[in-house]
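All values below were derived from every heavy atom in this structure, side-chain atoms included, with hydrogens, water molecules and symmetry-related copies excluded. So you know, we letter chains A, B, ... as the sequences are listed, proteins then strands, and number each from 1.
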Number of protein chains: 2
Amino acid sequence: MIFIGSSGYDDHRPQAKVRPRRPPETPALPSQDLPDTLCPIARSTSRVGDKWSLLIIRELFMGVSRFQDLLAQTGATPQLLTARLKQLQADGLIERRAYSERPLRFEYRLTAMGLDLMPIILAFRAWGETWCKTPEEGVAVRMFHNSCRTELELDGRCPTCGVTVPWTETHGLPNPAYLEERMQRAAAAARSVSEP
Amino acid sequence: MIFIGSSGYDDHRPQAKVRPRRPPETPALPSQDLPDTLCPIARSTSRVGDKWSLLIIRELFMGVSRFQDLLAQTGATPQLLTARLKQLQADGLIERRAYSERPLRFEYRLTAMGLDLMPIILAFRAWGETWCKTPEEGVAVRMFHNSCRTELELDGRCPTCGVTVPWTETHGLPNPAYLEERMQRAAAAARSVSEP
DNA sequence: ATTGATACTATGATTTTCATAGGGTCAAGC
DNA sequence: GCTTGACCCTATGAAAATCATAGTATCAAT
């Protein structure tokens, strides 16, 4: 499992055995119209202002990019996940790529527009850690400044360097309990497929 | 109209003519359970991870605090607004206060927990301004560093001071077109009440 | 007695989401 | 070639949320 940070978006999983030769299938959905307002918050929340999209984006940032894995880790239903992925793709936030030609298999990855959602995810993280946690639960993913290895504050400040560190210069380390929770979810999903 | 920033949360509107003597009515809804995960993003989006809650919170930050005004500026239906306000109150994000006793009138204000949502709102703002705008539309609300009066970058950095400025040390100045749009919405809502 | 402002509630239609089940394709193993 | 399993979804009908529209209740001011 890969976690938040610039290096965290590299893919360590085995790549396609056969390299793609034709361009990936692109259903070309029309991008939904933006709301009729100049407010940037109304516009952005019309794109990603719902729980499922945000959870999907969280997973994509964590390096989870396949349909079954997104299902397991978000808890969404297949139709919901399909619909959201199509919409996110139509809006230009993610792209759907074949990572294998035979058999044909797809993965979803954040585009530049999607990667730029990281501050939103981090803002939700900071608020959730501050207001939705007991102290003994601990931080789900600890984040560190790449250059000095100091653990960052929830607002992204480095106590050593005294500056707000861009997320591309950070790396994350998951809490063992959180890692365990995620593995449980993956295992449960795998079980429910094999034994209905 | 008041805008984002520390001073922006002061209320310049005429205050209650009669000061409240009994404590405000508090319906005491049960706060919805948090999802069964350590993930702070899942927890926070279960509280405020929907378009309507985010738009309501945006308005509260802009100093809009009354039911009819929230209706007009968010475009929500009355039931939806009622439901969201009750939930936000039950979750401790806002409080419902009588600003007048006779007639009994209420307003909604952000608590400390709610005020701490500002980074989320600002992250949506930055993304929306970057990815959901044409250059000629311009920024809806320009933000400035209180101490040096410099206009801030979308990520909150002050070009003069070279630091990321906490939002409590900023003030906002709305784009005239955006101001006009908001006044239009308020006027349209007032019209639809008087002449059905 | 009427008008207007404020803060909602009611109702029935429409849309979205949910739980559960199933379908289609291909690789690998026997 | 037949089965098993992995992967990526699609189908269906029930339940819940949301929508547009209309209406209620209280009180002040006129």
Side-chain angles (χ1 to χ4, degrees), chain A residues 13-14 16-18 24-25 27 29 32 35 46 49-53 55-56 64-89 94 96-108 186-196, chain B residues 13-14 16-18 24-25 27 29 32 35 46 49-53 55-56 59 64-87 89 94 96-108 186-196:
Chain A
R13 284 169 297 106
K17 292 140 206 161
V18 181
E25 195 177 292
L29 270 186
Q32 190 182 284
S46 80
D50 80 281
K51 196 179 65 135
W52 295 116
S53 298
L55 292 184
I56 291 165
V64 171
S65 60
R66 296 181 187 178
F67 194 88
Q68 296 299 326
D69 297 335
L70 292 170
L71 268 188
Q73 296 301 330
T74 61
T77 60
Q79 309 93 301
L80 189 47
L81 182 57
T82 301
R84 283 298 190 290
L85 290 172
K86 278 187 179 152
Q87 193 61 58
L88 289 171
Q89 187 187 3
I94 64 177
R96 183 172 182 259
R97 302 198 319 200
Y99 66 88
S100 158
E101 283 280 308
R102 307 191 56 77
L104 191 53
R105 295 280 184 270
F106 295 100
E107 66 178 356
Y108 298 90
R191 246 183 288 117
S192 75
V193 169
S194 64
E195 33 153 292
Chain B
R13 284 170 295 107
K17 293 139 208 164
V18 182
E25 195 177 291
L29 270 187
Q32 189 181 285
S46 79
D50 80 282
K51 194 180 66 137
W52 294 118
S53 298
L55 291 183
I56 291 165
E59 289 308 311
V64 171
S65 61
R66 296 180 187 179
F67 195 88
Q68 296 299 330
D69 297 335
L70 292 170
L71 269 189
Q73 295 300 331
T74 61
T77 60
Q79 309 95 298
L80 189 47
L81 182 58
T82 302
R84 283 297 190 292
L85 289 172
K86 279 188 178 151
Q87 192 61 59
Q89 187 187 4
I94 65 177
R96 183 171 182 261
R97 301 197 320 198
Y99 68 88
S100 159
E101 284 279 310
R102 306 191 54 76
L104 190 53
R105 295 280 184 270
F106 295 101
E107 66 178 358
Y108 298 90
R191 247 182 287 116
S192 75
V193 169
S194 62
E195 31 152 292

Inset, instruction - Run the numbers on Leu55(B) and Glu59(B) for side chain to side chain contact (heavy atoms under 4.5 Å, CB included), then give the verdict. - result: CA-CA 6 Å; Leu55(B) 291 183; Glu59(B) 289 308 311; 5.9 Å; no
Inset, instruction - Show your reasoning for whether side chain to side chain contact (heavy atoms under 4.5 Å, CB included) applies to Arg66(A) and Leu70(A). - result: CA-CA 6 Å; Arg66(A) 296 181 187 178; Leu70(A) 292 170; over 6 Å; no
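The shortest distance between the side-chain N/O atoms of Arg96(A) and the OP1/OP2 oxygens of dC9(D) is below 4.0 Å. Taking only side-chain nitrogens and oxygens, Tyr108(A) never comes nearer than 4.0 Å to OP1 or OP2 of dC7(D).
With a 4.5 Å cut-off on side-chain heavy atoms, Phe67(B) and Leu85(B) count as touching. Using a 4.5 Å heavy-atom cutoff, the side chains of Leu81(A) and Trp52(A) are not in contact.
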Legend entry - Sequence-aligned protein contact record of nucleotides 25-30 of chain D, with B where the base is within under 4.0 Å of a protein heavy atom and S where only the sugar-phosphate is: --SS--
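Here the P atom of nucleotide dC8(C) and the CD atom of Gln79(B) are 13 Å apart, to the nearest Å. Summarising the geometry, the separation between CG on Asp50(B) and C1' on dT16(C) is reported as 14 Å, rounded to the nearest angstrom. Between the CZ atom of Arg97(A) and the P atom of dC8(D) there is a distance of 14 Å, rounded to whole Å. When rounded to the nearest whole Å, the span between CG of Leu80(B) and C1' of dT21(D) equals 15 Å. Rounded to an integer number of Å, the gap from CZ of Phe106(A) to P of dA6(D) is 20 Å. The CG atom of Leu71(A) sits 18 Å away from the P atom of dG22(C) (whole-angstrom rounding). Atom pair Lys51(B):NZ and dT17(C):P shows a separation of 12 Å (rounding to whole Å applied). Remark: C1' of dG24(C) and CD of Gln68(A) are 14 Å apart, rounded to the nearest angstrom.
A residue-by-residue look at Leu85(B) and Arg84(A) shows that Leu85(B) has its nearest nucleotide of DNA chain C further toward the 5' end.
Set against dA21(C), dA7(C), dC8(C), the side chain of Pro78(A) has dA21(C) as its closest nucleotide. Closest to the side chain of Trp52(A), out of dC8(D), dT18(D), dC18(C), is dC18(C).
Lys51(B) NZ to Ile56(B) CD1: the interatomic distance, rounded to the nearest 0.5 Å, is 11.0 Å.
Residues meeting the salt bridge (charged side-chain N to carboxylate O under 4.0 Å, His left out) test with Arg84(B), sequence neighbours left out: Asp50(B).
Side-chain atoms of Arg105(B) and Tyr99(B) include no donor-acceptor pair closer than 3.5 Å.
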